Peer 1: 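Please read through the structure below; I'll follow up with questions.
Both ligands and their constituent atoms are indexed starting at 1 by order of listing. Predicted, not measured: the structure shown is a model, and the values here were computed from it.
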Amino acid sequence: MGIDDFVCVFGEVGVGGGIVLGGRLFRGSHGFGGEFGHVSVDPNGALCACGSRGCVETLVGQESIARAAGVSPVAGRTRSLTDELVRRAESGTPEVVRALDEAGRSLGIALASTFNLFDVQAVVLGGCFGPLAPWLEDAVRRTLQERSLAARSGTFVVLPSAFGDGAAVRGAAALSLHRVLDAPWSVPAARRRLRRGSPASEGERPRREVAIARG
Ligand SMILES: [Zn+2]
């Protein structure tokens, strides 16, 4: 059985997210649907770039975790920062394991609201959260059980993303494909826009293509 309702949280310098309902990405009225990184979990927390306080992003962005774990971020080398966190967590460094558990708890607090609102079946941990998932997922699961009626009453899974670094590119490609499949008649129009600036092609027959695609 596939999973059609899930939330994906994606950690890098900041934290991104997406909510998929019935197999489709939920965008909201203005494209901000699933702005998971700016769910506030501490009203008195650090000021966030979005203007709010205590957003998930201020607590569990890759560099925030590293800071809490006592690992100094190497400027411009975010990938090596995750590798370093994984290496130290694997060797059982207590402050790193503790910082990751705390990050998982913050993620769980924010996710509990998402579960209560949308009753999803799964959480996918992507970006830097993927390789860190072995040390995050217990706290995420535990906090969801504690704080979400929907999570406690139903069943859910916490999964590391299988897509690694290519997730954003694959996601963008999938979104484009969905748009084409949703409205195939929009493709000739998009192609015309791309060609703008070069001499107009007389061979284009957009009206006819519309008729064919709709038929
Ligand atoms: Zn924010």
Peer 1: Give a yes or no on whether the ring-centroid distance for Phe156 and Phe115 is below 6.0 angstrom.
Peer 2: yes
Peer 1: Suppose the criterion is salt bridge (Lys or Arg N to Asp or Glu O under 4.0 Å): which pairs have a residue in residues 145-159, not counting sequence neighbours?
Peer 2: Arg105-Glu146
Peer 1: Only pairs at least two apart or in different chains count here, so list each salt bridge (Lys or Arg N to Asp or Glu O under 4.0 Å) that has a residue in residues 34-53.
Peer 2: none
Peer 1: Using the side-chain contact (heavy atoms from CB on, under 4.5 Å) rule, take Leu25 and Ile19 through it: C-alpha gap first, then chi angles, then the decisive distance, then the call.
Peer 2: CA-CA 6 Å; Leu25 181 68; Ile19 298 170; 5.9 Å; no
Peer 1: Indicate, with yes or no, if Phe26 and Val56 share a hydrophobic cluster defined by side-chain heavy-atom contacts under 4.5 Å among Ile, Leu, Val, Met, Phe, Trp and Tyr.
Peer 2: yes
Peer 1: Less than 2.8 Å from the Zn ion (ligand 1) is the window; count the protein N, O or S atoms in it.
Peer 2: 4
Peer 1: Considering only residues two or more places apart or on different chains, which pairs with a residue in residues 122-138 satisfy salt bridge (Lys or Arg N to Asp or Glu O under 4.0 Å)?
Peer 2: Asp138-Arg141
